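From a predicted model like this one, the values you see are computed outputs, not experimental measurements.
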Amino acid sequence: MVRITWRANSALSLLSKLRIQWSYMKHCYHSLTFNAHMNSGYATDVCMTPIFWIVDNYTHCLGPFFVVGVALLTASVVSIAYWIGLPFWWAKSQLTTICLLIFGNWLLLNIIFHYVMAVITPAGYPPEGVSQVEAVSMCSKCILPKPPRTHHCSVCNRCILKMDHHCPWLNNCVGYANHRYFFLYMLYTTVGCLFLIVAGLEIGHKYLWLDHSEPWTESEPLEGHPVTFNLSGHIIAVTHPNEYDDILLPPAVHNLPAPIEDPETSSPTRRRALWFMAFTNVAVVIALGSLCTWHAKLITRGETSVEAHINEAETKRLLKQQRIYINPYNFGTKKNWKLFLGLVRGRSFWRTVLLPSWHKPEGNGLSFHTVHDVFFEDEWP
């Protein structure tokens, strides 16, 4: 009896200790998280701090490799298009080939131009050592005046005018001076990949679908009498009603067109190149097309990627106060796009957007018109 009571007391003591430890752990957790500044976003930032540190310290080292990767990938896709697509369409229709060459090289010219300009054009930085009347705050990292719409890039380690984001594929920040180049590069690249997909559907059907099977080999000996098939596509008269063999009826002498074998048709290298083109173009259309669509929505609303998060937070904060937040840089869809593309001061869409253009964005990047400006309509460029 004493032995059974001792075991019961031991189990109750262990359970009591576990409850105390659990209560202590909950108390520690609540003491660390229960405060007015704690929310899910802050907790996520704390958990992501090691990843942010790696990105901030090593992205600028990997940037040149990303740029080289984009150049090699573009060159490989264009080379395969000329190697396989050009002979195929030239044999099919020379006029169609000329039209495809004109349209495709126009897309290629815009893709190369806008990518190079997005890489080599600085995004724009606040001036140092001069008085800035446009400054609205101080940067806590640079300890310098910060103009409106300016944010600090932890990768570049400096403030960027009208910053959108840091793009590792450009090894550069996307901001005031090169945002247009970045967006048009995405747009033309997406259109170019769609163009290659449409132009390559028939090629893929021929080389990947019709010519994908391996030669058939007989694994077991055939039984029965040999049978002769006429695969020429021509009707050959049979003069012997009973038997058709080499003894009673010699083979007819005729001159029939024989199909020309193309050794490259069944080339494994050609098929691998086409599969590479298919996966690459589809992946770029999905990824870059989605990113381009999202940026188009931001431009329509007159905001950058950074401002989209700020405006969303301000909208929720003012909504709790039963107030409506108005984006001060949203002038409507038409004016937002005209300002972004630089379609002002007499510039045309054909010369500015459809052809490469070096024109700079309006203003100096230090101050911007807002919807609250009284004389804005008179100062519209």
Check: His369 ring centre within less than 6.0 Å of Phe331 ring centre
no
Any donor-acceptor pair under 3.5 Å from Asn178 side chain to Cys173 backbone
yes
Interatomic distance, Thr97 atom OG1 to Phe88 atom CZ [nearest 0.5 angstrom]
9.5 Å
Rounded to the nearest 0.5 Å, what separates atom CZ in Arg149 from atom NE2 in His151?
8.5 Å
Are Phe113 and Tyr188 close enough that their ring centres sit under 6.0 Å apart?
no
Non-hydrogen side-chain atoms of Leu161 and Tyr125 separated by less than 4.5 Å:
no
Report whether Leu288 and Phe279 are members of the same hydrophobic cluster (ILVMFWY, side-chain heavy atoms less than 4.5 Å apart, transitive linking).
yes
Main-chain N/O of Gly332 paired to Arg301 side chain as donor or acceptor, under 3.5 Å
no
Quick one: does any side-chain atom of Asn172 pair with a main-chain N or O of Ile120 as donor and acceptor, under 3.5 Å?
no
Side chains of Thr150 and Tyr176: does their closest heavy-atom pair fall under 4.5 Å?
no
Looking only at heavy atoms, what is the nearest atom pair of Gly192 and Leu107, with distance?
CA-CD1, 3.8 Å
Tell me whether Leu86 is reachable from Ile98 by hopping between hydrophobic residues (I, L, V, M, F, W, Y) whose side-chain heavy atoms are closer than 4.5 Å.
no
Are Ile112 and Leu101 connected in the hydrophobic side-chain network, where two residues link if heavy atoms are under 4.5 Å apart?
yes
Indicate, with yes or no, if Val284 and Trp275 share a hydrophobic cluster defined by side-chain heavy-atom contacts under 4.5 Å among Ile, Leu, Val, Met, Phe, Trp and Tyr.
yes
Determine, using ring centers only, whether Phe340 and His295 are less than 6.0 Å apart.
no
Would you name the heavy atoms of Lys146 and Cys159 that are closest together and state the gap between them?
CD-SG, 4.2 Å
Flag the pair Glu202 and Lys206 as a salt bridge only when some basic side-chain nitrogen lies within less than 4.0 angstrom of an acidic carboxylate oxygen.
no
Drop me the distance from His179's NE2 to Ile299's CD1, to the nearest 0.5 angstrom.
5.0 Å
Residues in side-chain contact (heavy atoms from CB on, under 4.5 Å) contact with Asn281, at least two apart in sequence or another chain:
Val77, Cys193, Leu196, Ile197, Met277
Step-by-step side-chain contact (heavy atoms from CB on, under 4.5 Å) determination, Met163 to Val174:
CA-CA 6 Å; Met163 179 181 174; Val174 177; over 6 Å; no
Val285 vs Leu194 side-chain heavy atoms within contact, under 4.5 Å:
yes
A quick test of your reading: do over 12 heavy atoms of other residues, nucleotides or ligands sit less than 6.0 Å from CD1 of Ile324?
no
Show, in sequence, the C-alpha distance, side-chain angles and deciding distance for Trp89 and Ile203, and conclude whether the side-chain contact (heavy atoms from CB on, under 4.5 Å) test is met.
CA-CA 9 Å; Trp89 282 105; Ile203 302 176; 3.9 Å; yes
Which heavy atom of Cys61 sits nearest a heavy atom of Pro64, and at what distance?
O-CD, 3.5 Å
Mind listing the closest non-hydrogen atom pair of Ile160 and Gly175 along with its distance?
CG2-CA, 4.3 Å
Side-chain touch Trp358/Met117, heavy atoms, less than 4.5 angstrom
yes
Find out whether Tyr329 and Asn336 are in side-chain contact, i.e. whether some heavy atom of one side chain is under 4.5 Å from a heavy atom of the other.
no
Between Arg317 and Gln321, is a side-chain contact (heavy atoms from CB on, under 4.5 Å) present by the stated rule, with each step listed?
CA-CA 7 Å; Arg317 183 181 67 85; Gln321 305 176 7; 3.6 Å; yes
Just verifying a value: how many Å separate Leu73 CG and Thr280 OG1, rounded to the nearest 0.5 Å?
5.5 Å
Under the rule for ring-ring contact (aromatic ring centres under 6.0 Å, His included), what residues qualify as partners of Phe66, not counting sequence neighbours?
Trp169
Might you point out which heavy atoms bring His309 and Ser305 nearest each other, and give the distance in Å?
CD2-O, 3.1 Å
Closest non-hydrogen atom pair, Leu298 against Ala308:
CD2-CB, 3.7 Å
Side chains of Asn110 and Leu184, heavy atoms from C-beta outward: is any pair under 4.5 Å?
no
Measuring from Lys162:NZ to Glu303:CD, what's the distance to the nearest 0.5 Å?
11.0 Å
Once rounded to the nearest 0.5 Å, what's the spacing between atom OG1 of Thr121 and atom NE2 of His114?
10.5 Å
Show your working on side-chain contact (heavy atoms from CB on, under 4.5 Å) between Val70 and Tyr185 and close with a plain yes or no.
CA-CA 12 Å; Val70 171; Tyr185 164 72; 3.6 Å; yes
Any heavy-atom pair between the side chains of Thr74 and Tyr115 that's under 4.5 Å?
no
Over 12 foreign heavy atoms within 6.0 Å of CH2, Trp106:
yes
Tyr325 side chain reached by Leu319 side chain, heavy atoms, under 4.5 Å
no
For Ala273, does its backbone N or O pair with a side-chain atom of Trp83 as donor and acceptor, under 3.5 Å?
no
Hydrophobic cluster identity match, Ile310 and Val136, side-chain contacts under 4.5 Å
no
Decide if atom CZ of Arg323 counts as having more than 12 heavy atoms of other residues, nucleotides or ligands within a radius under 6.0 Å.
no
Check the pair Arg345, Glu362 against salt bridge (Lys or Arg N to Asp or Glu O under 4.0 Å), reporting the backbone distance first and the verdict last.
CA-CA 10 Å; Arg345 306 189 187 280; Glu362 289 299 312; 3.0 Å; yes
Does a donor on one side chain and an acceptor on the other come within less than 3.5 Å for His372 and Thr370?
no
